[in-house]
Amino acid sequence: MLTNILNIARQESAQMRHYYIGAEHLFIAMLTIRGGITANIIQDQGFKPDYVIDALRRKIGKGGVQQTIPPGLSTYRADRILENARKLASKSGRKEPNERDLLLSLLRDGESLPIRVLRALGLNDIKQLIKLAQEHHINSDSQQPYVSVQYGPDFDESRPLAPDQLIILRRLFSGYLSIKVERYLTGGYSEATLLVITPKTGNLREDAPVVVKIDFDDHIQDEYQRYESHVRTKLPPLTARVDGRPVSSDMSPLAGIKYTIITDTDRIPRDLRAILHQWDGKTLGDWLERTLFPAFGTHWWLQNSPYRFQVWQEYDWLLPPILTLETARDDAPQTSIHIREPIRRGRLRKLEYGDTVTVENFVVKRVYPAKNAILLVAGTGTPSHNAFRIEIRNVDLHRNTHFRGEIIERITGTVFKTRRERLEHALNALEPYFNIYAQTIPVPGFSPERLPNPILGYDRILDDYLNGSLATIHGDLHPGNIMIGPQRSAFLIDFAHTREGHTLFDWANLETSLLCDLFVNDDTVLEWDEIVNTIKIIQAMNLAVSSTTANGASTAHPSLQPILHIRRIARQILTNTNIYGGVTNPWSEYYIAMAFCALRAMTRSTLSISARRLMMMVAALAIHEVSGKSLQDGSGQTQTPDEDPDPTNSF
Amino acid sequence: MEGELVLMIMSGVEDGNERHYELVQGDGIWESGSWILTLGRHERNDIMIRYDSFISRFHGELILTNGKWTYKDLNSTNGSFYEDPTDFFNDIRFDGSISIAPRQLFRVGRTWICIG
């Protein structure tokens with residue numbers, strides 16, 4: 001057993017280019033033993049061992065390329081831990097320490113890196129872990145707890161739960177006699193499953209319903225960490241709260257998290273998307289502005305602070321990866337293009353299929369073991385939210401360890417796909433009536449007659465500066481994450497993307513997804529002329545919103561009522577001094593957010609062709625609203641499309 | 001004029017080691033009311049950390065003034081860091097000096113250290 005652990009520890013050390021054995025390598029080695037005490041205890045605390053391993057690697061980082069340490073060294077701490085483990089073994093009359101001896105001795109050795117990482121993940125009670133390690137009987141806990149699962153009348157039986165989803169559910173509700181799966185919540189665009197569940201105790205009393213989210217383990221763990229750091233202390237009194245730690249299982253790649261809903265009755269909540277067409281537009285809009293916004297606004301969106309940023313820092317991540325690379329063979333031609341911060345996008349634009357590039361000092365954002373791929377983001381230079389994503393394919397993950405948060409000093413590959421190609425592909429899939437390579441597109445019956453081509457027009461905006469605002473934002477606000485409780489109270493779920501960010505992002509994101517929900521019916525394909533009619537009424541609303549004073553009434557087409565209320569919320573957040581393109585134009589801050597949210601929606605294959613067509617035109621209109629203004633001033637940094645601006649659009 | 005320092009190495013190949021320094025033994029120098037110990041990869045440092053290639057030859061200084069410790073980064077290549085209290089995985093690089101309390105961890109190159 002000990003030899004085995006030491007061998008794995010040596011491997012781990014070599015792959016991380018550490019070249020010594022430390023407490024961290026011993027701990028990682030123990031975590032990799034499936035069904036071992038260490039893995040089981042960590043699992044029972046709601047963590048997948050792999051998640052803890054990656055957290056340790058992220059904190060320590062890989063060593064330098066050159067080996068500067070003589071071989072065979074171990075740290076003072078590792079020696080001490082091994083020595084104490086031997087003492088424990090001989091006390092029990094064993095010749096050699098076992099995993100338990102080693103784990104106990106490691107947990108007792110002060111503020112080692114493993115202990116510090118466990119604390120950072122929220123496992124503060126090391127004494128409790130020691131107790132668990134002493135008492136743990138192997139195999140006692142990895143059995144599935146027995147919880148009977150029933151289904152309510154509203155459950156969609158055409159989408160049965162998968163076996164590994166059931167494993168997670170049983171573990172989440174361990175201790176209950178049975179649970180009733182009431183129904184699916186519509187959820188967002190990710191692969192997460194959201195369920196409303198009523199647990200029943202031993203005496204068959206029903207507890208209040210809870211919302212369960214099941215997703216890949218690292219998403220759930222991140223959501224929990226974000227909830228702890230951004231959300232927990234900032235919630236309104238009646239709302240959804242994360243209940244306990246996430247739960248994972250060694251039998252499934254999934255994990256689950258429970259949201260209890262603090263309300264004054266036991267009524268089952270609904271998400272906004274489910275009732276969207278039951279409420280009229282005015283009621284919906286009023287509810288967003290008077291109920292949802294104030295409920296969270298006090299601690300979130302209204303805690304606005306001035307924030308000057310370049311558009312790419314907040315919005316580049318919504319676009320497809322700037323490049324997809326395939327790792328180069330060793331005999332690949334010498335590379336002349338280096339991608340490192342500060343990124344020069346002008347250079348990236350010239351890259352084509354087959355070009356060799358070297359990426360330097362990017363951060364690993366995700367590892368896809370099944371696809372042999374990793375996703376990198378810039379992030380060691382100017383602060384940004386996942387900007388300049390680069391996908392690397394054909395990575396030999398067996399030979400090279402990669403982990404989230406790792407800084408990759410240098411990686412070379414050949415270009416497989418560019419962002420331009422991905423955007424062109426997405427636009428082509430919409431069966432466009434126009435030339436997708438032209439700077440502007442004709443819009444028959446619209447004024448102006450041409451709008452900027454969004455897949456080209458966005459590019460100039462990315463480098464511009466905005467004097468915007470910063471606040472805690474939900475990060476993925478759409479009707480599937482907004483819940484309506486008793487007495488039409490408002491609460492939010494799914495905090496996996498909560499962060500400090502551009503305040504208006506949430507509202508622009510909600511507007512784009514509401515536009516899809518309100519105007520697109522999945523049964524019929526919207527033709528382009530119908531899309532143009534829709535953006536005409538959006539354009540009329542843009543004009544009305546920008547021309548009224550702060551509290552004046554604005555008018556809009558009846559179907560845009562809810563959107564009008566989102567704009568009124570946006571107005572409260574907008575910075576009044578924003579100078580864009582040389583013109584004081586507060587709304588450009590909002591239209592820029594809209595343009596990128598709509599562009600992202602346009603590239604989402606999970607949306608219908610009608611929705612993507614609408615989003616494409618919404619993006620075109622938003623870019624026009626941003627860039628059209630600077631034309632008149634003449635001093636703007638942005639070059640504008642070749643049409644005359646419509647004078648009625650000026651502010 | 002007295003000075004005693006217990007320096008605890010908290011990561012890397014020397015993790016778990018405690019090093020002892022004393023002014024009377026000739027460690028560091030006494031200069032205008034402060035005890036100054038230099039730290040780096042080069043042998044001439046009072047505190048030599050050999051096996052971390054992310055540490056510069058002359059990386060920083062530990063300074064004791066009126067019973068309080070400060071650490072000063074000497075424009076090192078790979079930097080000195082303290083922990084971000086809101087994000088354990090995001091260490092914050094600093095230029096110049098920070099004051100350090102006993103047991104408060106800071107990082108030079110890739111090595112975490114603290115005073116005992």
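Reminder, nothing fancy here: chain letters follow the sequence lines and each chain counts from 1. Side chains included, hydrogens not; waters and symmetry mates left out as well; all remaining heavy atoms used.
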Counting only non-hydrogen atoms closer than 4.5 Å, does [X] touch chain B with its backbone (N, CA, C, O), its side chain (CB onward), both, or neither?
{"X": "A:Y76", "result": "both"}
{"X": "A:A55", "result": "both"}
{"X": "A:E111", "result": "both"}
{"X": "A:R116", "result": "both"}

Heavy atoms under 4.5 Å from chain A: which residues of [range] carry them?
{"range": "residues 4-16 of chain B", "result": "B:I9, B:M10, B:S11, B:G12, B:V13, B:E14, B:D15, B:G16"}
{"range": "residues 99-111 of chain B", "result": "B:L105, B:R110"}
{"range": "residues 71-93 of chain B", "result": "B:E83, B:F88, B:F89, B:D91"}

For A:I130, I'd like to know if atom CD1 has over 12 heavy atoms of other residues, nucleotides or ligands within 6.0 Å. yes
Take atom CZ in B:R50; do more than 12 heavy atoms of anything else shown fall under 6.0 Å from it? no
Top contributor to chain B contacts, counting heavy-atom pairs under 4.5 Å, from A:E24, A:R58, A:R77: A:R77
Tell me every residue that passes side chain to side chain contact (heavy atoms under 4.5 Å, CB included) with A:A9, counting only those two or more places apart in sequence or in another chain. A:I21, A:H25, A:L26, A:A29
Under 4.5 Å heavy-atom distance to chain A, tell me which part of B:F54 shows up: side chain, backbone, both or neither. side chain
